[in-house]
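To start, the structure under review is shown below, and the notes come after it.
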Amino acid sequence: MPSDQERILVRAAGEVIPGQIVNLGIGLPTRLSHYLSEEMGVLVHSENGVLGCRPRTTGEAPDFDMIDSGGAYIATRPGASVFDSAMSFAMIRRSRVDITFMGAFEVDELGNLANWKIPGKFSPGIGGAMELAQKVKKLVILCSHNDKHGNPKILSRCRLPLTAPACVSRIITDKAVMDVTPEGLAVVDIAEGLGVVELRAATEAELIIDESQLGRF
Amino acid sequence: MPSDQERILVRAAGEVIPGQIVNLGIGLPTRLSHYLSEEMGVLVHSENGVLGCRPRTTGEAPDFDMIDSGGAYIATRPGASVFDSAMSFAMIRRSRVDITFMGAFEVDELGNLANWKIPGKFSPGIGGAMELAQKVKKLVILCSHNDKHGNPKILSRCRLPLTAPACVSRIITDKAVMDVTPEGLAVVDIAEGLGVVELRAATEAELIIDESQLGRF
Amino acid sequence: MTLLNNKFQAVEEAVARIPDGASIMVGGFGSPGTPFALIDELLAQGQRGLTLIKNDANEPGIGISRLIEAGRVNRLITSHIGLNRLAIEAMNREELSVEMHPQGLLAEKIRSAGAGHYGFLTDIGLGTEIAGKRREIECEDRTWAIEPALYADFALVHAEQADRYGNLIYRGTASNFNPLMAMAAEHVIAQAYRVAEPGSLALESIHTPCAFISQVVQITEATSEQGRRHHAV
Amino acid sequence: MTLLNNKFQAVEEAVARIPDGASIMVGGFGSPGTPFALIDELLAQGQRGLTLIKNDANEPGIGISRLIEAGRVNRLITSHIGLNRLAIEAMNREELSVEMHPQGLLAEKIRSAGAGHYGFLTDIGLGTEIAGKRREIECEDRTWAIEPALYADFALVHAEQADRYGNLIYRGTASNFNPLMAMAAEHVIAQAYRVAEPGSLALESIHTPCAFISQVVQITEATSEQGRRHHAV
């Protein structure tokens, strides 16, 4: 049986359309690159200055000049290019990246995202997350539905400093797939074996659920 | 005997220090490239996006992708590079061009320059002249001392729209070499065979002349 | 944006996306880098009421001058049209509205759009007649002019080499405004002499990454012969 | 600027120009593109009271972390220091003053200096806590934040290849901030594995034209081994 993380990644891979340009945030989203086959003709953008990166295959020697924004040594796919940081973020700000996947500390009903700072505890700097969140055409959040203490991460309103306001399109957790809509968070899919009551209990945000339309994943 | 233009060019070539980066304006200044030998290790910048251009030698076939800003087919010297228009003007605005030579309709005692527009008569656009005039470390004007009607071009105050205010360092004409100083235009050299009285008569601007220091060219 | 695999198209199909009244950036400084094949197709297709943004107006009989001569251009945003007497005459007859910018500011206005900014703050042109036309602000006790970014609906660019995804390599002084316009326009059509398979261009040699390019068209060397033949200087 | 023929120098001589208290841009995103040899020479020479500008703080024991660990850095302008616990601790102990910017804005602030502007106008960060720290203006009925350009006294950059005049070619993701910093600093020292004679690099392959470079230093591959050995991810 796949782990929660694997289920999230398999579900997330289905969001990518062949031929798109994709950015993957640090952590869980980075692992999505293993689910994007060369046949899809997708180019993965990494904000340190490469378009078309892929994970190294087993035994493939590292090229010390080739990393992704998480610091992993990478290889490239046909059609790849490298460029400076200004070009890399021009691509982001001009919405030339079709879809980006990111982790989250908190997401809320308005699509607000907080994933970079916990005042007094964790403030290493925002890196490229702010511009990605604000400008990429479609932002999909991949995260656990609850934190390690069981507290909900899907909130009515974010309490931490925002990465960007009203930026999230879709949220994929171990418990549900939710869309940010003008009416609030609409549940698209619910985890195999999970009930609607349990999902609501694990969530601070109000959830819009039409059980007749609900998918499973 | 050399023509007036040749005398201006020979005198102007003496302004260039080996190893400098030089920009040459359209017209007479462009011809200065013939007076800069490869041994000087000078790189000529042209604002359409090349550093290190040189005139083609007789019989050298044109490369249709290689022109200077005046539109002439050019070749390059060792150490040359090509780049886009933003990079080319970044180089200018950051004062990475050491010296530029330009023509003039009018120059005045304050170092103001007018060389791009005659209202109602001639207004093809300023091209790259404004940024070159304003930002290059040393701007040397090469022009005839008087226009074709005999009117002075070296004025008390420019009357035409300015290319840039207070930008000129030195003026080399067929009659004199003049420096722009806080006190006004100081004559450095006077043309062989020309008298100080004749020079003053051909000039609208006040000229500071120390006859004991005056060079000939 | 077009998906990566669908970018390689015939010139007719690529140019047919351009409607009447479009604003179009056109690469090139003089002839080098001018996308002659795309311009000629635009002339053939008949779109009118165009706003063109190009460093210059080419020379009479070639490039965008053909569009101007055919009365298809309402407005030209440019830096210098001194080599095109027909464009100057059209401007003087008020058939062509011309907006002129210093060349480096024109380049930066386009680059600023390509970087997704509203604009930039400059001291270029202060104390000249262009200064009065711009909004100025004080920052750190000095005056700066606001130069808004220049966006456009389309860009037509010329490259030496491309791949099917739209990665571009320019050659010599044919680069000029092309890489800037490729980033600044909403929809970018690139022409190239050679269009290779993805993976055949060295990573570091690519000047414009494919992310900015909507369509790629392959042309023959002959399509820029007009520029070479007419080039006068 | 240094004259073209005088740029090729020994690393000791090039770095000796940097005084105490200098502001120094340092290329690199993580290890790739970090000018380790120049940084180590700076460590050896003992300059202090430095302001560093770098995307990140490298990792403990390498690159600019060594300067921070040795107490030689007063101030760091950066985007993300999450991979360097020593830098975070120095920041928390208030021994190191840290100014953080979103990565793309940091890149653009440096690029804006390289282009000779005062700054640029952006909508990035509006509605977040960084917005309040910036001056805002209204243009065309929308709010924009003014981001001033970021200049520096020196830049230390790493290139794969160079020539004696200072033309630079970067490799892979080692490009990152290097070409931007090369344009933004007053005095730019470049290190490269190979320093060729002028004329040996193809015109179109040059990423940073020599006009921006003050000194070129040749290093051996071994001088970046520290970055490779320690690189943890």
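Order of the sequence lines sets the chain letters (A, B, ...), proteins ahead of strands, with each chain counted from 1. Computed from heavy atoms alone, side chains included, the values below leave out hydrogens, waters and symmetry copies.
Counted by atom type alone, D:Glu138 and D:Thr143 present one or more donor-acceptor pairs between their side chains at under 3.5 Å. The closest side-chain donor-acceptor pair between B:His145 and B:Asp174, if any, does not fall under 3.5 angstrom.
In this structure, B:Phe122 and B:Phe105 have perpendicular ring planes: the angle between them is above 60°, well past the 30° mark.
The only member of D:Tyr170, D:Phe36, D:Tyr193, D:Phe177 that meets ring-ring contact (aromatic ring centres under 6.0 Å, His included) when paired with D:His158 is D:Tyr193.
Between chain B and the options D:Gly116, D:Ala115, D:Ser200, the largest number of non-hydrogen pairs under 4.5 Å is found for D:Ala115. With chain B as the partner, the residue from D:Ala113, D:Gly166, D:Ala196 showing the most heavy-atom pairs under 4.5 Å is D:Ala113. With respect to chain B, the highest number of heavy-atom pairs below 4.5 Å among D:Leu201, D:Asn167, D:Asp163 belongs to D:Asn167.
Neither the backbone nor the side chain of D:Ala162 comes within contact range of chain B; no heavy atom of the residue lies under 4.5 Å from a heavy atom of that chain. Only the backbone of D:Ala184 comes within less than 4.5 Å of a heavy atom of chain B; no side-chain atom from C-beta onward does. Interface residue B:Leu43: backbone and side-chain heavy atoms are both found under 4.5 Å from chain D. With a 4.5 Å cut-off on non-hydrogen atoms, D:His207 touches chain B through its backbone but not through its side chain.
Here B:Leu207 contributes atom CG and B:Glu109 contributes atom CD; the two are 8.0 Å apart, rounded to the nearest 0.5 Å.
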Exercise. Kindly indicate, with the supporting measurements, whether the criterion side-chain contact (heavy atoms from CB on, under 4.5 Å) is fulfilled by D:Leu42 and D:Gln47.
Key: CA-CA 7 Å; D:Leu42 191 59; D:Gln47 290 90 332; 3.5 Å; yes

